Number of protein chains: 4
Amino acid sequence: MPAFTLAFRSGRRMHNCPIKRWSRRKAARPQEILEAALDVFAERGYAAAKIEDIARHAGVTRGTPYLYFKNKEEIFAALIRELLLPKIAFGESLMAEPGLGAGERLRRLVRAWWSEVGATRLSALPKLMIAEARNFPEVAQLYHDEFIAPGQALLQRILEEGAASGEFRAVPADPAVHVISAPIVMLMIWQHTFMPCCIGHEVDPELYLDTLLDLLLRGLSTHPASA
Amino acid sequence: MPAFTLAFRSGRRMHNCPIKRWSRRKAARPQEILEAALDVFAERGYAAAKIEDIARHAGVTRGTPYLYFKNKEEIFAALIRELLLPKIAFGESLMAEPGLGAGERLRRLVRAWWSEVGATRLSALPKLMIAEARNFPEVAQLYHDEFIAPGQALLQRILEEGAASGEFRAVPADPAVHVISAPIVMLMIWQHTFMPCCIGHEVDPELYLDTLLDLLLRGLSTHPASA
Amino acid sequence: MPAFTLAFRSGRRMHNCPIKRWSRRKAARPQEILEAALDVFAERGYAAAKIEDIARHAGVTRGTPYLYFKNKEEIFAALIRELLLPKIAFGESLMAEPGLGAGERLRRLVRAWWSEVGATRLSALPKLMIAEARNFPEVAQLYHDEFIAPGQALLQRILEEGAASGEFRAVPADPAVHVISAPIVMLMIWQHTFMPCCIGHEVDPELYLDTLLDLLLRGLSTHPASA
Amino acid sequence: MPAFTLAFRSGRRMHNCPIKRWSRRKAARPQEILEAALDVFAERGYAAAKIEDIARHAGVTRGTPYLYFKNKEEIFAALIRELLLPKIAFGESLMAEPGLGAGERLRRLVRAWWSEVGATRLSALPKLMIAEARNFPEVAQLYHDEFIAPGQALLQRILEEGAASGEFRAVPADPAVHVISAPIVMLMIWQHTFMPCCIGHEVDPELYLDTLLDLLLRGLSTHPASA
DNA sequence: CATGAATGAGCCTTCATTCAT
DNA sequence: TATGAATGAAGGCTCATTCAT
């Protein structure tokens, strides 16, 4: 998964910014700290991540994160709010595109989900959020309301469209969206859990997603032979 | 999910037991402490769980857990080793039963998985293990080798049998077992993540599993109409 | 120094005691516990010595020492009082013996000191007492008044006798007794400090004492050529 | 022993120093903490010394020692390594001085030993090291190899020189150096053991050393009348 | 008498957070 | 803005001591 390490930093350079280099640096600090926090939280989890490690990863020292974030919890919350939540927007554009079958839409949604989040360092956040949801209910609520729920709403609309058009069988919406999204989330989790420790065989994300879509589309289709 | 709260009987109060209360403790203590640890780890995660909380949950004081476990990490490891790993045995018996179609076997495996682990307080352990795998690689290795791998081997045998008998399509084994098991693991995770906080709508496990099996068996079947 | 390990247990058996074996055992317990404590304190020092180790050394369990001693400090105090202080008695008999020159008396005192204490497991006690004097002033006071002071009084009497008879030069009594006794105490300390760790070359006690007496007697003598 | 309390200037208060109080600390802290540790270890011994006491003695709080030392044991080791071992250097210069008789050299060595270490707060370290040698074998080894052994080598060279020049009798080197150094070490120990508790009469170090040298030089001399 | 399970005070150590520079 | 020395609350763990058996 070569895109994994490259995808994240893109689009944040400001080559033509007239302000002097130093204050540009200043402006970038919160982002840099969040990215560092993402790395360290991903590796150690929330509690075992030390602020100093995050600071060092960001190239600053112990006190600096506190210039931009009230405390550790706020860094965590900002991680979700600033980095992850905006990513949900990609879904809207997908649904806006007209003239696509439900199957095709589902395919595109899954692939976009992967390329926007799963193949990115952001893929550490679902695991982190899951691990800490009960310790930080407000963040969990935010994550659910602004990320999970909209994502599942997209899925649900696709299922409804497919059912309406006769392309998909009717399945109970609520459990279905969970069932469908679960393997994608688990793939992200898996990548941050066992693969970095060289535990177990590698899972190839592309093949995994192909297999997932193959099973899902056949499973949903009213004309399985053609799926 | 009514079974959830009932399945894991603590046995901590036995007023009518003729054996003396005090002398019985010695034998029962490790179990009681592990069950308490399961609760507290499930609620807070490893790092945020205090030994004293675990002790109090078990009805003892700070020092007592250390009479039975070397330290906090050993409690965690024992949780996996003593409580979770034995549960994998149920799979063998399932495969031993003769004369079942692959679809039926898959159904039974999923349901057994749920009743043995998912509907139990043990269902907190996959989430805990996922969150802490990188902090405790040896425990993660153990969990993978003794729980995940055998479980996936079962699934793989079912897929192979189904393909051999013509009941299932041929699918790439490796990603398929991940894809198939992912929703079950995610259901356990979900129950310990968002449902206890009253975040998001409840997910009914039975309906979820029905939907999952419905989608999977259709997706795998060579004669989808009859799945 | 083969006597070292053997000297201590001697003379405590009660073969002809009519009481039954069990109550004899009972009667011997405090002694056994003190001897065990001596071993463990010698090896680890007061604070690092665990009551359970002492108990195990004595062949009993955690609670038993508390049947005979109020607490850890009392075990330490009893060690000094019961085992060490009685040993000072040997000096009286030495002084009682008539018709000895001061030099010969000094020789006998040093050798008796060594055989009665230095070559014994009791030789651990001066080091222990020194290390803990400031934490247990009452015990230190006892040790000083009942062991050090009488011992130094013996020495002083010898020096005075020697000076009176013209065998010894006149030396300031107070510092002299310290100077003379110091090497003997240091030999005991050395044996319990660096020799058990195989650190540094061994010191042969007999040769050490010979050299000490040689230097001392020459140093004290009014006719050094004949010393 | 008036030098005793004065010799080890802590330098902890420098009100008229123009450098800012706060920025100066960083450089001075390790020294300050070691000196505080020296005091507290001397008073209580290793195990009974609390890090918080050391910190408070140094004018800082619980966490600060850990900014400079990994743990309690490292503070102990640093005490030996940083404060005591350098003191052994004084011996070299003594031996370098030409044209001195062996007796005069021995006199100077003993007096230097006393002024450099014995009359200093450092004199607590031999007692501490003796008490803890078996609990910290590596530190004991270091202490032996870098402090005891070089010191004894100096003594041995003096004895050999004296024997070669005919000033001293021939005495077995190995026990002799132990015997000769023992009273000096015991004087240090004594000062930190019974004198602070007002137990027993005071020992005047100067008189003690005079007496020691008198006895030793007479004891070693081939012409005792002139010693 | 003896046991050993249990207690709980106490200490070492960590680390989020502050603040003087 | 940034630093990093210092703080001090908090938690893991030990072990002297107790007491029900």
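Residue numbering restarts at 1 for every chain, and letters A, B, ... go by the order of the sequence lines. Values in this document were obtained by computation on a predicted structure and should not be read as measured data.
At whole-Å resolution of the value, CZ in B/F69 and C1' in E/dA5 are 15 Å apart. If you take CZ of C/R56 and P of F/dC15, they are 12 Å apart, rounded to a whole angstrom. Atom C1' of nucleotide F/dA6 and atom CD1 of D/I33 are separated by 11 Å, given to the nearest angstrom.
Across the interface with DNA chain E, nearest-nucleotide mapping of B/T64 and D/N71 shows B/T64 to be the residue nearer the 5′ end. Between D/G63 and A/T61, the residue anchored closer to the 5' end of DNA chain F is A/T61, taking for each the nucleotide with the nearest heavy atom.
Residues that satisfy the side-chain hydrogen bond (donor to acceptor under 3.5 Å, both in side chains) test with B/E82, not counting sequence neighbours, are absent from this structure. Applying the side-chain contact (heavy atoms from CB on, under 4.5 Å) criterion to A/R62, with sequence neighbours excluded, gives A/E52. Not a single side-chain hydrogen bond (donor to acceptor under 3.5 Å, both in side chains) links D/T64 to another residue, sequence neighbours left out. Under the side-chain contact (heavy atoms from CB on, under 4.5 Å) criterion, D/A124 pairs with D/L38, D/A42, D/H192, sequence neighbours left out. Under the rule for a ring-ring contact (aromatic ring centres under 6.0 Å, His included), the partners of B/Y143 that lie at least two apart in sequence or sit in another chain are B/F147. The ring-ring contact (aromatic ring centres under 6.0 Å, His included) check on B/F41 picks up B/Y46, with sequence neighbours excluded.
Minimum heavy-atom separation, C/M129 to C/V139: SD-CG1, 3.8 Å.
Between D/Y68 and the phosphate of F/dA5, there is no side-chain N or O to OP1/OP2 separation shorter than 4.0 Å. A sub-4.0 Å separation between OP1 or OP2 of E/dC19 and a side-chain N or O of A/Y66 is absent.
Side-chain atoms of A/R62 stay outside donor-acceptor range of the base of E/dA16, with no qualifying N/O pair under 3.5 Å. No hydrogens or angles were tested; on distance alone, nothing pairs the side chain of A/R29 with the base of F/dT1 as donor and acceptor under 3.5 Å.
Residues C/F76 and C/L128 are in side-chain contact: their nearest non-hydrogen atoms beyond the backbone lie under 4.5 Å apart.
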Once Watson-Crick and G-U wobble pairs under 3.5 Å are found, how is DNA chain E written in dot-bracket notation, 5' to 3', with | for any base paired to another strand? .||||||||||||||||||||
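Note on residues 63-74 of chain D: no pairs pass salt bridge (charged side-chain N to carboxylate O under 4.0 Å, His left out), not counting sequence neighbours.
Remark: D/A49, D/K50, D/I51 in residues 44-52 of chain D come within less than 4.0 Å of DNA chain E through at least one heavy atom.
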